[in-house]
Every structure is written in structure tokens, then in C-alpha cells.
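Every chain is numbered from 1, with letters handed out A, B, ... down the list of sequences. Computed from heavy atoms alone, side chains included, the values below leave out hydrogens, waters and symmetry copies.
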Amino acid sequence: MRHVDYQKRISLLVDGELNEASAGDLLAHLTECPDCMRVYEQMASLNNTLAKVTISIPESHLAARVKALISGEPKEPWAGWNLSILKQVPIWALIAILAIGVGDMAGKTLTEALNNEEAPPRLDTLLQDNGESLSEIMINFGQGENSQ
Amino acid sequence: MGLFETLSDQELVTGSKGGSEQYFSALVDRHTTSVYRVARSITGSHEEAEDVVQETFLRAFKNLGMFDESKSAFKTWLLTIARNQSVNIVSSVKRKALIFFGDRDKGEPELEFSSNPISQEPQDAETMLSIKQQFQMMEKALKKLPERQRTALLLKSQENLSYDEIASVMDVSVSSVESLIFRARKKIIGLMER
């Protein structure tokens with residue numbers, strides 16, 4: 001194994017992310033390799049120093065401001081609902097439910113769908129069905145226009 | 001010690017989901033510093049970090065119903081929101097324009113460290129000076145790191161998150177986290193040896 005590979009493992013070791021067997025192998029190597037031992041000491045020291053560093057928050061009562069902001073904020077109506085059940089429903093099932101719902105509305109106006117009653121066809125409201133053909137209707141319509 | 005301080009994050013989240021603002025307030029008290037530190041390390045600005053803290057908790061509060069305890073810890077979820085918010089701010093056009101015109105956070109240091117970050121043990125003046133110099137060097141070195149390396153390193157060393165949790169917060173693989181932290185350490189050590 002190359003030195004750089006050992007050094008990557010040293011980084012894992014100081015973070016406690018190396019399993020016991022690998023840690024044992026690495027520690028054995030460190031006893032024999034002064035270069036890697038030096039890197040280990042540097043990384044451990046750096047970790048120790050960084051852990052002591054705290055980025056200070058200037059006096060701003062930040063938490064209090066956040067809480068005040070939240071107390072004036074209405075929750076979403078679905079907040080608190082367990083929506084994870086939706087994630088467990090297969091997507092094809094949701095599509096099928098949606099398709100059935102949309103299919104049921106086919107050929108209906110929004111009013112019909114909402115009121116659940118059938119409105120007369122729009123053409124029938126404009127043209128009364130007297131048993132005349134379309135050409136007869138048009139001729140009669142033209143004559144009516146000319147007679148005015 | 002108050003009632004809420006003894007409760008775990010999970011218990012506080014459950015209480016908050018039940019509609020209690022007091023439970024959520026306890027979460028705000030508990031995690032404001034961590035959210036601020038992550039935001040500050042990414043944005044480098046106190047004002048922007050404060051905005052991120054407010055926006056992060058507001059989003060968390062609104063979307064608490066979507067939070068799934070079985071997938072991640074509350075803190076990990078919260079820091080994920082904070083990081084995304086911070087990255088959005090850093091990459092925003094408005095911010096770039098402000099930097100271009102040199103009108104952002106005039107006179108403000110990019111990162112602040114507590115003036116006495118060392119243990120409570122009494123130290124002599126020479127030791128204190130040496131420690132202070134060491135911290136100043138580290139502050140400079142941290143500023144020179146790319147954002148992703150700095151964030152990964154600070155999430156490990158300051159927030160004590162596992163590599164899995166850091167990967168979740170940063171939306172990268174665990175091996176990327178290993179690499180980011182390793183490179184960050186190598187670079188800081190190199191800079192401090194100069």
C-alpha cells in the first residue's frame with residue numbers, strides 16, 4: 001500500500017470511521033513508518049484543535065427572533081399529517097386512480113361534474129330539433145336574415 | 001434543567017407534529033448554533049448566516065409533517081436544509097452582483113472564532129499567545145479551503161456527524177466525504193506548515 005493510501009486511512013482513524021481490523025493494521029504500520037506517524041500526529045492534533053474552535057454567534061438573540069417568527073407563522077394545513085403512506089403507494093396505482101377520476105369526468109362540463117347533473121347539450125339550446133336537416137336550417141336562417 | 005431539555009430530538013419532533021410550538025421552540029434553542037455555524041462556514045457572512053437560520057427553521061416548521069424519522073436524524077435533516085439554503089444564497093445572482101460591486105458585509109471578518117476557545121484550565125500568557133496564533137493560522141487556512149471541503153470538515157469536527165450523516169447533508173457519497181475531509185486536512189496541514 002502506498003503512503004497516500006495509509007494517510008487516507010489515518011484520516012478515517014482520527015474520525016473513528018475505521019473498523020477494528022483495519023485500525024489494527026494501520027496502527028501496526030504507524031509503529032514502523034515515521035512519515036505516516038507524523039501525519040497521524042498532525043491530523044489528530046488538527047482534529048483536537050478544530051473541535052475546540054467554536055464559531056461564535058454575535059449577540060443577536062437569533063433563537064428568540066426565529067421563535068418569534070415561527071409563532072406568527074401559520075402551519076400548512078397538511079402539517080402533522082403522515083404523508084409517508086403516499087410514498088408507499090406504487091406510482092402506477094396513483095396514475096390509475098387519477099385516470100379513473102378523469103375518465104369519469106369525460107364529456108362533462110365542470111358544472112355537471114360538480115353538481116352531478118346532466119346539462120342539455122349546448123347545440124340543442126341554440127337550435128331546436130324540428131326534424132329539419134342542417135341545409136334546411138341554414139336556408140331558413142338566411143331567409144329570416146333577408147326578410148329583415 | 002427544564003422539561004424540554006431532557007427530551008430527545010425525536011420526542012420534541014413528535015410533540016411539534018402534535019401542534020405544540022413549545023416543543024419546536026426547544027428544537028430551535030438546541031440547534032440554532034449548529035445551523036448558524038454551517039451557514040456561516042458556507043456563506044462567510046454573519047448577516048446571510050442569520051437569514052439562513054431563520055429560513056431554515058421556518059421551512060422545517062412548515063414541512064415538519066414531511067420529516068421522516070426513520071430516514072434521518074432531525075439534526076441531519078435540519079442541516080441539509082441549512083446547507084441547501086446557504087448554497088443557494090452563495091450562488092445567487094444578486095449576491096454575485098453585490099460582491100462585484102463590493103457592497104457586501106463591509107468591514108466584517110469572514111469567520112469569527114470565540115476569543116477564548118480553550119478549556120477552562122488556567123494558562124500562562126505565553127501559552128495563550130501561542131494558542132491564539134495557532135487559531136488565527138487555522139482560521140486563515142479554513143478560509144482558503146473550497147466550500148465543500150470546509151463544510152465536510154466542520155460537520156465532522158464541530159457537529160460530530162458521522163460520514164453517513166455528512167453524506168446525507170451534502171448529498172454526496174460516503175467515499176466523497178472521505179475524500180473531501182482527507183483533502184481538507186492535508187491542505188490545512190500544508191498551509192500551517194508554511
- Task: Let me know if B:Ser179 has heavy atoms under 4.5 Å from chain A in its side chain, its backbone, both or neither.
- Result: neither
- Which one, B:Thr56, B:Asp29, B:Val35, B:Ile188, leads in non-hydrogen pairs under 4.5 Å with chain A? B:Asp29
- Message: Tell me every residue that passes side-chain hydrogen bond (donor to acceptor under 3.5 Å, both in side chains) with A:Gln7, counting only those two or more places apart in sequence or in another chain.
- Response: B:Lys186
- Message: Using 0.5 Å steps for rounding, measure from the CG atom of B:Asp9 to the CG atom of B:Leu27.
- Response: 5.5 Å
- Selection from B:Ser162, B:Ser25, B:Ser70 maximising heavy-atom pairs under 4.5 Å formed with chain A: B:Ser25
- Item | Close aromatic pair by centroid cut-off 6.0 Å: B:His31 and B:Phe74 | yes
- Which one, A:Asn47, A:Ile10, A:Thr49, leads in non-hydrogen pairs under 4.5 Å with chain B? A:Thr49
N/O donor to acceptor pairs below 3.5 angstrom from side-chain atoms of residues 33-42 of chain A, sequence neighbours left out:
{"residue": "A:Arg38", "atom": "NH2", "partner": "B:Glu193", "partner atom": "OE2", "Å": "2.8"}
{"residue": "A:Gln42", "atom": "NE2", "partner": "B:Glu193", "partner atom": "OE2", "Å": "2.4"}

- Below 4.5 Å from any heavy atom of chain A, which atoms of B:Phe24 appear? Answer side chain, backbone, both or neither. side chain
- Query: Distance from B:His46 atom NE2 to B:Arg40 atom CZ, nearest 0.5 Å?
  - Reply: 7.0 Å
